[in-house]
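A quick write-up on the structure given underneath.
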Protein chains: 2
Amino acid sequence: MTTHSGVPEVVVDRLPQYLRALAQLESSGFDVISSQQLGELLQVTPAQIRKDLSYFGRFGKQGRGYSISHLLERLRNILGLDQTWNVAVVGVGRLGRSIISYPGFEPEGFRVVCAFDSDPAVVGQVAGGLTVYNFADYAEIAEREHVQIAIVAVPANVAQAVIDNLVAAGVKSILNYAPKSALTPPDVRIRNVDPVVSLQSMTYYLSAV
Amino acid sequence: MTTHSGVPEVVVDRLPQYLRALAQLESSGFDVISSQQLGELLQVTPAQIRKDLSYFGRFGKQGRGYSISHLLERLRNILGLDQTWNVAVVGVGRLGRSIISYPGFEPEGFRVVCAFDSDPAVVGQVAGGLTVYNFADYAEIAEREHVQIAIVAVPANVAQAVIDNLVAAGVKSILNYAPKSALTPPDVRIRNVDPVVSLQSMTYYLSAV
DNA sequence: AAACGATTGTAAATAGATTCACAAACAGGG
DNA sequence: CCCTGTTTGTGAATCTATTTACAATCGTTT
């Protein structure tokens, strides 16, 4: 699939991997790396790294490799990570609270700015420093708070309805923790985070030996 | 990639999706479904569903479709989900505790039977009903408890070392929550659960419009 | 019991992704 | 300033996955 501007989606999905390895290398004091070395580090062929990068420009120098700091800067720019993204969490149950308090988002430029629930017992509560709003007011509040990404952490049985509402409110990117793969229009990007599904495909290899 | 017995890995990865949709359909009282209908539900072409299933056998009836209960049974058997899997959680910090208490594993046949940490302040504590063992004793205890799958929830900087130890202890399936893609030998299957990586590729499409 | 509409399973065709392989480019040394 | 050893960027080749297309089959209706 090459959903946008001719760059295959698989390629875009690999860029964050490269980014993270490069950030690690930079903080370890390295300056330059070849596709060969980076490939060994990530278990990817050097040709794949070079081809992936070539979709976006020519960032290396023959005979030398890539300047780590320069490549980092370019990758962050390509992925839109040179800005902060505002995120809303929908569903403030056990899982939603963990997500709100997860310390891994902020340093990567993702700021959880508001939280929503439909349960009157939860609306108005404070969770992880955020007041929980009524999900019925999503569109209005999300606009006010400049939310660009929604994280869904609601039970499976209401996931599709919640996601339909988000789509109606104009959300274009959804990270779905609900154990349900929901339907969205083609212009809305949705990623599922589901540990059970990951386990369920690994057991195939464990049992079928 | 067709890592095992000729069935492409992408195919195996789709089976849990089919399984979940079918389980949903069964509990809604449906008996039979065609590849056409299932495809609409999952946003997959009917041909893909038929071809995927054909790697494992002939489960449908021409003119009718698939018996949902029969197909469910076969899929669970193929994926090895007609048994219970014992899981160890390694790393009992904030995230590890959430995983131990996550109620979504048990009903799908994944039982968290023990937990490990290296921090002397945490070892011996009780978390989610489990006593936390010293990770140094992993091999011995995991064998005693018949652990087949390890879930890693440790900080990025120790993830590779922990995973190396798990591999040395004979673990073949790892679900990695650490924000670090770790290296493993080819016979060890590792899946990464990383919300930040998912977000980082979605921002590409948000910004590059 | 034959004809019909629906749906599977799969061989062949197409589309897509990865790898190969090499000319072009660069840095360092003599 | 030329030679040597690297390493990039990319067209072409290969490999993999998806889709097409249709004969074979099934249940139902006439």
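Naming convention: chains lettered A, B, ... in sequence-line order (proteins, then strands); numbering from 1 in each chain.
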>> Less than 6.0 angstrom separating the ring centers of A:F116 and A:Y133, yes or no?
In response: yes

>> Taking the nucleotide of DNA chain C with the nearest heavy atom to each, does A:Q48 or A:Q62 sit closer to the 5' end?
In response: A:Q48

> On DNA chain C, nearest-nucleotide positions of B:K51 versus B:Q37: which is more 5'?
Replying inline: B:Q37

Below the 4.0 Å mark, does [N] have OP1 or OP2 next to a side-chain nitrogen or oxygen of [X]?
| X | N | answer |
| --- | --- | --- |
| A:T45 | C:dT18 | no |
| A:Y66 | C:dC26 | no |
| A:S35 | D:dT7 | no |
| A:R14 | C:dT18 | yes |

> Closest to the A:R50 side chain: C:dT8, D:dT8, D:dT19?
Replying inline: D:dT8

>> Ignoring hydrogens, what is the shortest heavy-atom contact between A:Y55 and A:K51? Give both atom names and the distance.
In response: CD1-O, 3.3 Å

Atom [atom1] of [X] to atom [atom2] of [N]: distance rounded to whole Å?
| X | N | atom1 | atom2 | answer |
| --- | --- | --- | --- | --- |
| B:R58 | C:dT8 | CZ | C1' | 8 Å |
| A:D52 | C:dT18 | CG | P | 7 Å |
| A:Y55 | D:dG11 | OH | P | 11 Å |
| B:I49 | D:dT19 | CD1 | C1' | 13 Å |
| A:F59 | C:dC26 | CZ | C1' | 19 Å |
| B:R74 | C:dG9 | CZ | P | 12 Å |
| A:K61 | C:dG28 | NZ | C1' | 16 Å |
| B:Q36 | C:dG5 | CD | P | 18 Å |

>> Looking only at side-chain N and O atoms, does A:R50 offer a donor or acceptor that is under 3.5 Å from a partner on A:S35?
In response: yes

> Nearest 0.5 Å, what's the CG-CG distance between B:L42 and A:L183?
Replying inline: 8.0 Å

>> Tell me which one of B:V89, B:V92, B:V154 satisfies side chain to side chain contact (heavy atoms under 4.5 Å, CB included) with B:D117.
In response: B:V92

